[in-house]
Protein chains: 2
Amino acid sequence: MSLATDAADQPTLYKRIRADIEKRILTGEWPPGHRIPFEHELVARYGCSRMTVNKALSELAQADLIERRRRAGSFVRRPQHQSAVLKIADIRAEIIALGRGYGYELIGRKLRTATAADRDRLGVKKAGKVVAINCRHSADNVPFAVEDRLIDLASVPDAATADFSREPPGSWLLHHVPWTEAEHTISAIVADDRTAEALDIAVGAPCLVIDRYTWRSARTITAVRLLYPGDSHRLVARFKGG
Amino acid sequence: MSLATDAADQPTLYKRIRADIEKRILTGEWPPGHRIPFEHELVARYGCSRMTVNKALSELAQADLIERRRRAGSFVRRPQHQSAVLKIADIRAEIIALGRGYGYELIGRKLRTATAADRDRLGVKKAGKVVAINCRHSADNVPFAVEDRLIDLASVPDAATADFSREPPGSWLLHHVPWTEAEHTISAIVADDRTAEALDIAVGAPCLVIDRYTWRSARTITAVRLLYPGDSHRLVARFKGG
DNA sequence: CACGATTATATGTCTAGACATATAAGTCAA
DNA sequence: TTGACTTATATGTCTAGACATATAATCGTG
């Protein structure tokens with residue numbers, strides 16, 4: 001749940017303190033950079049112990065709404081990063097979560113020494129082995145997305161022998177490479193012949209493109225390009241915040 | 001900053017406890033649904049007071065890594081929502097953050113009683129007044145996005161008199177309507193004549209579309225459609241997580 | 001004035017208790 | 001078997017302290 005809650009249903013004091021402060025921040029009454037009252041002032045105002053206001057302030061700090069500086073005080077932070085934050089774990093899971101029938105089809109799989117293009121795409125310098133995978137996901141037997149993936153075997157040696165004819169590589173990786181960072185780039189293209197055929201759409205039809213580059217502690221893991229039919233599939237995102 | 005930190009630089013005990021648990025979750029040693037040790041067990045294991053382990057567990061709960069249930073215990077949560085989470089605050093701020101010169105141009109503004117199409121788009125039933133705004137954002141004098149927005153005056157009466165010839169409506173709203181929820185839908189289209197001209201691209205060129213629907217406590221505020229040139233602009237998103 | 005040492009102070013962490021409260025699990029009766 | 005009642009228990013919140021620690025501000029000195 002979000003931090004955004006009505007003050008009415010706050011039985012506990014620290015939540016009320018947190019909500020009070022949050023409200024002032026979010027209405028702009030306390031703009032970014034504003035110093036919020038010291039703990040001892042809040043203790044006096046609310047008539048509680050310091051641990052109680054500390055808990056409220058700590059949560060606001062964890063939520064990045066305020067910044068706490070020793071000896072200086074607590075300050076309202078600038079509104080969250082303007083840029084986009086996107087999370088997409090796994091297409092199979094996404095389709096299943098939509099309540100639709102998941103279908104998967106491996107189109108091609110190649111194990112090769114990384115070409116210059118591969119190295120560039122993965123952002124690695126040394127020449128090593130990679131697996132290139134091409135596959136298609138469908139929902140209720142309608143093409144949902146085509147996937148073009150490169151896995152760096154130096155980071156994920158098991159991928160050389162994994163059976164991607166049954167399990168999609170995204171799901172496989174999710175279970176074999178636990179904690180990763182990723183960068184997504186979303187763009188739009190028009191379908192060329194090959195894409196049009198794979199997605200069963202017309203040549204020149206719009207496609208949504210997601211390029212995802214994944215790594216773990218500075219080690220490249222995989223680069224993947226997903227193509228979705230642009231006029232049918234939709235990436236829905238919901239969030240709370242200013 | 002993320003919760004993911006090395007155990008080495010943890011001088012404090014609660015952070016070490018939090019990191020220990022987090023590690024087991026993220027490596028899959030404790031899979032989703034697994035019950036993590038009770039507070040009193042952790043108290044015994046780490047030889048500290050309950051408040052210390054409680055702080056560690058509370059932060060993990062706030063970060064949505066675990067779920068805490070009274071009487072039952074604390075459980076590893078399923079990996080975050082499969083679907084997408086996207087945050088885009090404000091195009092002006094986005095362009096400025098990119099270090100590029102921001103340009104804004106109001107193309108059209110109309111105040112009217114909501115048509116059936118308007119009501120449908122805003123998701124309201126009662127007929128009321130709305131403001132329809134059409135404008136263009138540019139970066140370094142190159143078209144960056146065109147915006148087509150509808151504001152519900154029942155929720156934001158001030159929007160009727162706001163001067164959108166200087167300030168983009170997104171920025172204006174951000175400062176006048178503080179705490180909102182939003183839903184984004186990303187898709188792709190090909191440019192029609194009007195869009196092509198506005199974005200200075202060819203007819204039939206791909207466009208990235210972001211439809212955002214914003215509300216606050218069940219009240220509709222605004223619905224906006226943003227069109228970006230699909231092959232030039234890119235929505236970059238970075239995140240941490242499985 | 002510039003720079004290093006000192007001090008004051010706000011936050012950071014922690015304790016050893018307390019009582020509240022939701023709820024899983026067990027008990028018992030219909 | 002099922003439903004209602006009771007109980008045990010893990011978490012939720014809170015207190016009134018304590019000492020640690022980073023650092024803004026002050027003070028002194030060259």
Side-chain angles (χ1 to χ4, degrees), chain A residues 1-3 5-22 24-25 30 32-77, chain B residues 1-3 5-22 24-25 30 32-77:
Chain A
M1 217 194 67
S2 155
L3 287 171
T5 38
D6 290 344
D9 61 4
Q10 304 294 344
T12 66
L13 183 50
Y14 94 86
K15 283 186 182 169
R16 222 190 81 214
I17 298 173
R18 193 188 62 186
D20 284 356
I21 295 169
E22 194 177 309
R24 290 189 209 244
I25 293 174
W30 289 347
H34 180 267
R35 208 210 77 226
I36 75 176
F38 294 131
E39 291 190 351
H40 66 84
E41 294 176 292
L42 293 168
V43 161
R45 178 177 311 175
Y46 288 94
C48 62
S49 79
R50 193 168 76 96
M51 277 302 285
T52 301
V53 310
N54 183 282
K55 177 157 178 134
L57 295 178
S58 295
E59 290 199 1
L60 290 170
Q62 202 190 337
D64 269 346
L65 265 155
I66 66 171
E67 185 189 346
R68 312 199 72 197
R69 290 205 299 272
R70 272 191 154 105
R71 164 71 211 245
S74 302
F75 300 84
V76 178
R77 279 181 63 107
Chain B
M1 219 196 65
S2 157
L3 286 171
T5 38
D6 290 343
D9 61 4
Q10 305 293 342
T12 64
L13 183 51
Y14 97 84
K15 282 186 182 168
R16 222 190 80 213
I17 299 173
R18 192 188 64 187
D20 284 355
I21 294 169
E22 194 177 310
R24 291 190 208 242
I25 294 173
W30 288 347
H34 180 268
R35 208 210 76 226
I36 76 177
F38 294 130
E39 290 190 353
H40 64 85
E41 296 176 291
L42 293 168
V43 161
R45 179 178 309 174
Y46 288 95
C48 62
S49 81
R50 194 170 76 98
M51 277 304 282
T52 301
V53 311
N54 183 281
K55 176 157 179 135
L57 294 178
S58 295
E59 289 199 0
L60 289 170
Q62 203 190 336
D64 269 346
L65 264 157
I66 66 171
E67 185 188 347
R68 313 199 72 197
R69 291 206 298 271
R70 273 190 150 104
R71 165 70 210 244
S74 302
F75 301 84
V76 177
R77 279 181 63 108

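Below, read A as the first sequence line, B as the second, and so on, with proteins coming before strands; counting in each chain starts at 1.
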Looking at every heavy atom in both [X] and [Y], which two are closest together, and how far apart are they?
X	Y	result
A:Ser74	A:Leu57	OG-CD1, 4.4 Å
A:Ile17	A:Cys48	CD1-SG, 4.1 Å
A:Pro37	A:Trp30	CD-CH2, 3.5 Å
A:Asp64	A:Arg77	O-CD, 3.2 Å

So, OP1 or OP2 of [N]: does either fall under 4.0 Å of a side-chain N or O from [X]?
X	N	result
A:Ser74	C:dT11	yes
B:Arg50	D:dT11	no
B:Lys15	C:dT13	yes
A:Lys55	D:dC14	no
B:Thr52	C:dT15	yes

Assess whether one donor atom and one acceptor atom, taken from the side chain of [X] and the base of [N], lie less than 3.5 Å apart.
X	N	answer
B:Arg70	C:dT23	no
A:Arg69	C:dG12	no
B:Arg71	D:dA8	yes

Atom-pair distance ([atom1] on [X]; [atom2] on [N]), nearest Å:
X	N	atom1	atom2	result
B:Leu57	D:dG12	CG	C1'	12 Å
A:Ile17	D:dT13	CD1	C1'	12 Å
B:Met51	C:dA16	CE	P	13 Å
A:Asn54	D:dC14	CG	C1'	13 Å
B:His40	C:dA16	NE2	C1'	17 Å
A:Phe75	C:dA10	CZ	C1'	10 Å
B:Gln62	D:dG12	CD	P	13 Å
B:Leu13	C:dG12	CG	C1'	13 Å

Given 3.5 Å as the limit, does a donor-acceptor pair link the side chain of A:Gln62 with the main chain of B:Gln62, or not? no
Contact nearer the 5' end of DNA chain C, comparing A:Pro37 with B:Tyr14: A:Pro37
